[in-house]
Visitor: 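Okay, here's the structure, questions in a sec.
Because the structure is predicted, anything quoted here is derived from the model rather than measured. Along the sequence shown, residues carry numbers from 1.
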Amino acid sequence: MNLSWHIAKRYLFSRKSTNAINIITGISVFGIAVGAAALVLVLSVFNGFEDLITGMYNNFNPDVRITPVSGKTFEADSAFMARLKAIDGVAAVSQSLEEVAFFEYDNNQDFGILKGVDENYARVTRIDSTVKEGQFRLKDGQRALAVLGLGMRNRLGVNIDNLFAPVNIYLPKREATGAFEQPFSKRFAYPVGTFVIQQDFDNQYVITNIEFARELLNFEFEVSALELRLYPGFDIPATYESIRTTLGPGFVVKNRYQQEEGFFRLMKIEKWLSFAIVSLMMLMVAFNMIGALWMVVLEKQRDIAILKSMGANDNTVRNIFLSEGLLLCIFGLLIGYLIALTLYVLQKTVGIITIPGDFIIEAYPISLRAFDFVVVAVTVITIGMLASLPPALRAKRVPAIIREE
């Protein structure tokens, strides 16, 4: 193989008798470079969006969410909470209670989700960092306060600077009511802040304290979910298994990924489908490589015949042109990596490709990962070696003696 590799390098860098071979070879390397750069950038853009959206979800979602297997609520008394807090790795536990509610503010009305949380909620999530207007407070003495998602705030026309205008909140009563009784429980909370996380959350949620939500629903210890923050280094399967063992089979324990599993799975499918489409483009580029190597084989027939006359076997001849194809792929791959890294730096610093419209960021996010470089290298080299195979097999059939006409 060392002899084949040495001869392949000589063939690649030596001058060809026909200038067209040099041009076609250059085009092949350039096509591989562009394809490799495109593959890296496609994966990097999807990585950037994944990191961006994951960061937004992580502001609202905890490290671990515990919900009941059946039903909407369960009781979380002091003994239950003590067992949960005693689990190794659990840093904080927050109780939350969610229910669909009807909201009214200054003649504006809309449906949304009322989420009552306790004082640990800001420790479990990063919700306070998402407040863009006002402040994150849920109680002021005996007054219930509320923090609204931006979408809810806009639809209700809420003015958080008006300290005397409350949001009226209606929830259906759990008990049967008479013909002349109101079927809804009604309370009011004063809006003090607006959070901006992600459209699904912003358009639905109104956050208040859990005592207020329990009062509306006539609950005592019930919660919809328990939300946990873990100590650094404990975000591992052993911790989740310990939580499941402690709580028993009646509860669903989800990590950050599982809380939005459908969305992240869809993103991964889109990412690798895009990668496959660009890989098909690489197959088209491979035809240029086949043409270039085929012309080299035709030009080097006399050399091949001499090598065979000197004792080189068919496999040695085949390996020469497989090695040359591999060298073309490696050069194209390295140039492609250089192009991708250059565009990455420009996108991160200058923002050469911007996002039109009113979005939370101005330019496409991009993130490089080492694993993607490995995947691209394997893909490009595999396609290149397949493209090298037909010329290599053609060289293998060249006879040891070429007759002069």
Visitor: Kindly compute the distance separating CE (M152) from CD1 (I207), expressed to the nearest 0.5 Å.
Guide: 11.5 Å
Visitor: Kindly determine whether Y337 and V376 satisfy side chain to side chain contact (heavy atoms under 4.5 Å, CB included), including the steps that lead there.
Guide: CA-CA 10 Å; Y337 283 169; V376 171; 4.2 Å; yes
Visitor: Answer whether the closest heavy-atom distance between the side chains of E50 and F46 falls below 4.5 Å.
Guide: no
Visitor: Side chains of S388 and M289: closer than 4.5 Å at any heavy-atom pair?
Guide: yes
Visitor: For T130 and N59, test the side chains for any donor-to-acceptor distance below 3.5 angstrom and give the result as yes or no.
Guide: no
Visitor: Contact between E99 and L217 at the side-chain level, heavy atoms closer than 4.5 Å - yes or no?
Guide: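 In short, these two side chains touch, coming nearer than 4.5 Å.
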Visitor: Taking C-beta and beyond as the side chain, do T125 and N61 meet within less than 4.5 Å on heavy atoms?
Guide: no
Visitor: Does any non-hydrogen side-chain atom of L328 lie less than 4.5 Å from one of L293?
Guide: yes
Visitor: Heavy atoms only: give me the nearest D118-V93 pair and the separation to one decimal.
Guide: OD2-O, 4.2 Å
Visitor: Set out, in order, the CA-CA distance, both residues' side-chain angles and the distance that settles ring-ring contact (aromatic ring centres under 6.0 Å, His included) for F49 and Y364, then state yes or no.
Guide: CA-CA 8 Å; F49 274 110; Y364 275 91; 5.7 Å; yes
Visitor: Once you round to the nearest 0.5 Å, how far does CG of L52 lie from OH of Y57?
Guide: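 Answer rounded to 0.5 Å: 11.0 Å.
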Visitor: Mind jotting down which residue pairs meet the salt bridge (Lys or Arg N to Asp or Glu O under 4.0 Å) criterion with at least one end in residues 126-136? Sequence neighbours excluded, please.
Guide: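 For residues 126-136, and leaving out neighbouring residues, the salt bridge (Lys or Arg N to Asp or Glu O under 4.0 Å) pairs sorted by first residue read E133-R153.
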Visitor: For residues D372 and K271, report the shortest heavy-atom separation together with the two atoms involved.
Guide: OD1-NZ, 4.2 Å
Visitor: Compare every heavy atom of V380 with every heavy atom of A36, then report the nearest pair and how far apart it is.
Guide: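 For A36 versus V380, the nearest heavy atoms are CB-CG2, 4.1 Å.
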Visitor: Just verifying a value: how many Å separate E104 CD and L156 CG, rounded to the nearest 0.5 Å?
Guide: 9.5 Å
Visitor: Any heavy-atom pair between the side chains of E98 and L114 that's under 4.5 Å?
Guide: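 Result no, sub-4.5 Å side-chain heavy-atom pair not found.
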Visitor: Determine whether the aromatic ring centres of F136 and F195 lie less than 6.0 Å apart.
Guide: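 Between F195 and F136, which both carry aromatic rings, the centre distance is not below 6.0 Å.
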Visitor: If every non-hydrogen atom of S96 is compared with every non-hydrogen atom of V223, which pair is closest and at what distance?
Guide: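 Closest pair (atom of S96, atom of V223, distance): O-CB, 3.5 Å.
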Visitor: Can a cation-pi geometry be assigned to K115 and F60, taking NZ or CZ under 6.0 Å from the six-membered ring centre and within 45° of the ring axis?
Guide: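 Geometry flag: set, cation within 6.0 Å and 45°.
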Visitor: Where do E260 and Q198 land on the side chain to side chain contact (heavy atoms under 4.5 Å, CB included) test, with the steps shown first?
Guide: CA-CA 13 Å; E260 307 294 341; Q198 201 268 347; over 6 Å; no
Visitor: Ring centres of F221 and F80 under 6.0 Å apart?
Guide: no
Visitor: Taking the six-membered ring of Y190 as reference, does the NZ or CZ atom of R143 fall below 6.0 Å from its centre and within a 45° cone about the axis?
Guide: yes
Visitor: Roughly how far, to the nearest 0.5 Å, is CG of D110 from CG of N154?
Guide: 11.5 Å
Visitor: Would you sort out whether F74 and F251 count as a ring-ring contact (aromatic ring centres under 6.0 Å, His included), showing the intermediate values?
Guide: CA-CA 10 Å; F74 62 97; F251 297 91; 5.0 Å; yes
